[in-house]
Amino acid sequence: DTEVTQTPKHLVMGMTNKKSLKCEQHMGHRAMYWYKQKAKKPPELMFVYSYEKLSINESVPSRFSPECPNSSLLNLHLHALQPEDSALYLCASSQTGTGNTEAFFGQGTRLTVV
Amino acid sequence: ELKVEQNPLFLSMQEGKNYTIYCNYSTTSDRLYWYRQDPGKSLESLFVLLSNGAVKQEGRLMASLDTKARLSTLHITAAVHDLSATYFCAVDRTTSGTYKYIFGTGTRLKVLA
């Protein structure tokens, strides 16, 4: 199984709403990532979890709150978002170590903030 | 800070032609990956390059890595319309056991029939 599953696929939320994005993998990967991608731009790294601990936060605003409940799950909690936060949110996972750390990506959540 | 740059940013080419996309990165890394992205879709892994001199080929695409020059190339041979997509290289930067996967600027390829 080389699949990373993200839910929901599409999400429309108001600026006062609270919602969560979910990501799941069963490849035994111990690194998991959240990326944000705007149209016609490369994915931008937001957060990295390594062994269920937050290891990188790329100065992301606090209205985005990641959570890693266990080694297979990664959540991104959203609160009081702005319209400019509308984007494709991608989750990925990879092995750690000195070998192949190829990242496998989920299908993404298309988020629209109204 | 790790920077990953690709050129060209846009590429329009005729079917049957050859072309090369370049990926330069600013700090040491022995691991480089190429991805394809179709409009509105996620990222599809194309190649994994794990050492200096690595060369991988799949169909009309061939990727290579020169870690000393901090350069990877993606060569397209006899392009076909189905190759139209955006191509990203990505470099894995490991610092004290923390993994940071940084993408290049992307190359939007359009193959004209």
Side-chain angles (χ1 to χ4, degrees), chain A residues 2-7 9-10 21 23 25 27 29-59 86-112, chain B residues 1-7 9-11 21 23-25 28-51 54 56 58 63 65 67 85-110:
Chain A
T2 57
E3 198 171 274
V4 176
T5 303
Q6 286 187 246
T7 56
K9 289 187 169 50
H10 301 276
L21 309 184
C23 175
Q25 58 90 13
M27 294 178 276
H29 291 167
R30 302 311 295 273
M32 296 187 77
Y33 312 77
W34 280 115
Y35 286 85
K36 172 183 177 179
Q37 187 178 26
K38 302 283 275 185
K40 296 182 171 53
K41 296 291 186 182
E44 293 178 21
L45 184 63
M46 300 175 71
F47 302 103
V48 180
Y49 273 82
S50 182
Y51 294 88
E52 295 98 70
K53 289 187 177 6
L54 182 63
S55 56
I56 293 178
N57 176 341
E58 292 285 66
S59 303
S86 298
L88 180 67
Y89 288 83
L90 294 162
C91 172
S93 70
S94 75
Q95 296 279 16
T96 58
T98 56
N100 183 354
T101 58
E102 177 187 6
F104 292 83
F105 284 82
Q107 291 305 301
T109 294
R110 176 77 57 189
L111 173 67
T112 303
Chain B
E1 181 187 347
L2 173 60
K3 291 186 178 178
V4 186
E5 295 183 344
Q6 291 178 233
N7 71 82
L9 296 181
F10 302 97
L11 177 56
I21 298 170
C23 172
N24 291 91
Y25 53 99
T28 303
S29 177
D30 291 332
R31 297 182 285 203
L32 189 136
Y33 307 89
W34 283 95
Y35 289 86
R36 168 182 172 144
Q37 188 174 38
D38 291 297
K41 303 292 187 182
S42 187
L43 293 150
E44 174 191 352
S45 177
L46 293 175
F47 297 109
V48 175
L49 303 169
L50 299 179
S51 61
K56 296 281 183 73
E58 180 73 33
L65 178 62
T67 58
T86 299
Y87 293 85
F88 292 101
C89 60
V91 176
D92 181 11
R93 173 78 171 151
T94 304
T95 306
S96 301
T98 298
Y99 296 83
K100 197 166 180 174
Y101 213 85
I102 302 299
F103 281 84
T105 43
T107 297
R108 289 175 60 196
L109 171 65
K110 186 171 184 179

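We name chains A, B, ... by the order of the sequence lines, and we start the count at 1 in each one. Side chains are part of it too, since the values below use all heavy atoms of this structure and drop only hydrogens, waters and symmetry mates.
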Enquirer: Quick one: what part of Q6(B) sits under 4.5 Å from any heavy atom of chain A, side chain, backbone, both or neither?
Expert: neither
Enquirer: Select one option (side chain, backbone, both, neither) describing which atoms of L43(B) are under 4.5 Å from chain A's heavy atoms.
Expert: both
Enquirer: Between atom CD of Q95(A) and atom CG of D92(B), what is the distance when rounded to the nearest 0.5 Å?
Expert: 12.0 Å
Enquirer: Where is the tightest heavy-atom contact between P42(A) and G104(B), given as atom of each residue plus distance?
Expert: CB-O, 3.1 Å
Enquirer: Give the member of Q37(A), E44(A), K41(A) that has the highest number of heavy-atom pairs under 4.5 Å with chain B.
Expert: Q37(A)
Enquirer: Could you give me the CA-CA distance, side-chain angles and deciding distance for Y35(B) and E102(A), then say whether side-chain contact (heavy atoms from CB on, under 4.5 Å) is met?
Expert: CA-CA 10 Å; Y35(B) 289 86; E102(A) 177 187 6; 4.0 Å; yes
Enquirer: Could you tell me which portion of K40(A) (side chain, backbone, both or neither) has an atom closer than 4.5 angstrom to a non-hydrogen atom of chain B?
Expert: side chain
Enquirer: Do other residues, nucleotides or ligands put more than 12 heavy atoms under 6.0 Å from K38(A) NZ?
Expert: yes
Enquirer: Taking it one step at a time, do L45(A) and F103(B) satisfy side-chain contact (heavy atoms from CB on, under 4.5 Å)?
Expert: CA-CA 9 Å; L45(A) 184 63; F103(B) 281 84; over 6 Å; no
Enquirer: How many angstroms lie between atom CD1 of I56(A) and atom NZ of K100(B), to the nearest 0.5 angstrom?
Expert: 5.0 Å
Enquirer: Does any backbone or side-chain atom of Q6(A) lie under 4.5 Å from a heavy atom of chain B? Answer side chain, backbone, both or neither.
Expert: neither
Enquirer: Answer with side chain, backbone, both or neither: which region of T86(B) has an atom nearer than 4.5 Å to a non-hydrogen atom of chain A?
Expert: neither
Enquirer: Checking S42(B) side chain against G108(A) main chain: does a donor-acceptor pair fall under 3.5 Å?
Expert: no
Enquirer: Taking side chain as everything from C-beta outward and backbone as N, CA, C, O, which of these in Y35(A) sits under 4.5 Å from a heavy atom of chain B? Side chain, backbone, both or neither.
Expert: side chain
Enquirer: Do you know which two heavy atoms are closest between L88(A) and K41(B), and how far apart they sit?
Expert: CD2-O, 4.0 Å
Enquirer: Tell me, side chain or backbone of E58(A) under 4.5 Å from chain B's heavy atoms, or both, or neither?
Expert: side chain
Enquirer: Tell me, for Y101(B) versus chain A, whether the close heavy atoms (under 4.5 Å) come from the side chain, the backbone, both or neither.
Expert: both
